[in-house]
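Values in this document were obtained by computation on a predicted structure and should not be read as measured data.
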Amino acid sequence: MNTQHYIAGRWQPAQDERCFEVRNPADDSLVAQVSEGGAADARLAVDAAALALPAWKARPPRERCLILKKWQALIERDVEPLAQLISREQGKPLAEARGEIAYSAGYVEWFAEEGVRANGEVIAAPVTSKRFIVLKEAVGVVAVVTPWNFPAAMIARKIAPALAAGCTVLAKPAEDTPLTALALVKLAEEAGVPPGVLNIVSASREHTPQVVGEWLADPRVRKISFTGSTPVGKLLARDSAATLKKLSLELGGNAPFIVFEDADLDAAVEGLMAAKFRNGGQTCVSPNRVYVHTAVHDRFVDKLAARVGALKVGPADWPEAEIGPMINARAVDKIERHVNDAVAKGAKVVVGGRRVRNETARGPNYYAPTVLINATRAMELSCEETFGPVVPIFRFANEAEVMEQANDTPYGLAGYFYSNDVKRIWRVASALETGMVGINEGAIAAQAAPFGGVKESGYGREGSHWGLDEYLHTKYLCQGGLG
Ligand code: SIN
């Protein structure tokens, strides 16, 4: 297990030799002591990345592609140990962790292949004496700050396009899950990423502001890519303003999931199960508010309750586990607060609605998959992401009413709806104020597709060719004197 920082091609302890603890959310046992970053470590990382930038940027894209392909192959070789590591520090069931590693390798492959197509353009000039040429150039040193819910995939989705574009990287993984990120960086080293091109500094919650603060203040850092909460995204936008860094912010969501009266109810239940219970509901694109037309409400709730009630809750290494522990005690407290608030305001628990502690799920962080009916706008869970396995169902009577409710949020990451009416499909898809829309589909994320939000869910896109563009500048050359 790699537990130290990787800076300038060297695994090294923190400058002040401090460490912080990483604990298994299943039972709170100690997984490892990891180097605790501070401002001095962060500065060393910028020095290394700035030094390595000119040579990496100048390498032919094909060479960068081959190194990334090697990284992909090593990640695929190590699926099992990497999945075990994710499960230990993050808690998701092993089968899901294996899926996350495949998903991560897919991002590395996608950007390896996309990086060789970072083409510019020749523009038809308005006069014969000039030529207009557009080049795509690496942004420079970039800092990526990643969350705990997908400890491998978010690292891959940010680092791969940055490296493919010719940028050098500073990474700060989430305090709860640094070990997977450190293991991926170790594989990148083995793949031949040169010293200084990729640097990683881990830090606890308390020390993170020192590390990220140093990067925000340093004019050599030209871009920040962050996935996490909206309040932190706003702080990054504010604090990077002094040096006007380019930003990609993938922030909180409050996804609506609408089941119209003409929907295929079985498909809608399956779509909701896939979207809601992935990673125990700890996903930014998880449906947070489920609107069901009154004509199909009771049938939908019965079908859903049967599926949710059968979900198995337990630790990641239990082969039957479908829902693991939540990431920490604060997460379970929040879920409990949302459910209690909803019940106090008139919601009815159909399934779940309580913590789980039994022979299989022994630790304190398990919450039962839950279905609530009679949800209303007055409840906390309608305005705030629950980030857990809770499905609140709101009843609606017509399309205009549900669209108004669905968009009544400052967030705009993902939205989903089920309908078989083609005119409604186009109407609702365009009316939803979100960056991504699942139409009769609950699994929307893919390497080839642009992932990102609107409104206070942030800006910038990950995946697809737009995901590469986030790490490139557009440089215009005007050659004169030709006429
Ligand atoms: C996220 O929750 O931020 C990412 C989820 C995904 O890639 O589907």
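Screening D298, D266, D264 for a salt bridge (Lys or Arg N to Asp or Glu O under 4.0 Å) with K303, the sole residue that qualifies is D266. Shown are V349, I393, V390; of these, the side chain to side chain contact (heavy atoms under 4.5 Å, CB included) with V371 is made only by I393.
Distance CD/E270 to OH/Y418: 9.0 Å, rounded to 0.5 Å. Rounding to the nearest 0.5 Å gives a distance of 7.5 Å between CH2 of W148 and CG of D176. Interatomic distance, E399 CD to I258 CD1, rounded to the nearest 0.5 Å: 8.5 Å. In this structure, the separation between CD1 on I425 and CD1 on I439 is 6.5 Å, given to the nearest 0.5 Å.
Counted by atom type alone, R395 and T294 present one or more donor-acceptor pairs between their side chains at under 3.5 Å. Neither side chain, S204 nor E175, offers a donor N or O lying under 3.5 Å from an acceptor on the other.
A donor-acceptor pair is defined here as one N or O able to donate and one able to accept, closer than 3.5 Å; no such pair exists between the side chain of N254 and the backbone of E385. The backbone N or O of T474 lies less than 3.5 Å from no partner atom in the side chain of K136, so there is not a single donor-acceptor pair.
E80 has a carboxylate O that lies under 4.0 Å from a charged side-chain N of R98, or vice versa, which qualifies the two as a salt bridge. Contact check on D341 versus K345 returns a salt bridge, with a Lys/Arg side-chain nitrogen under 4.0 Å from an Asp/Glu carboxylate oxygen.
Two rings, from W318 and Y366, have their centers 6.0 Å or more apart.
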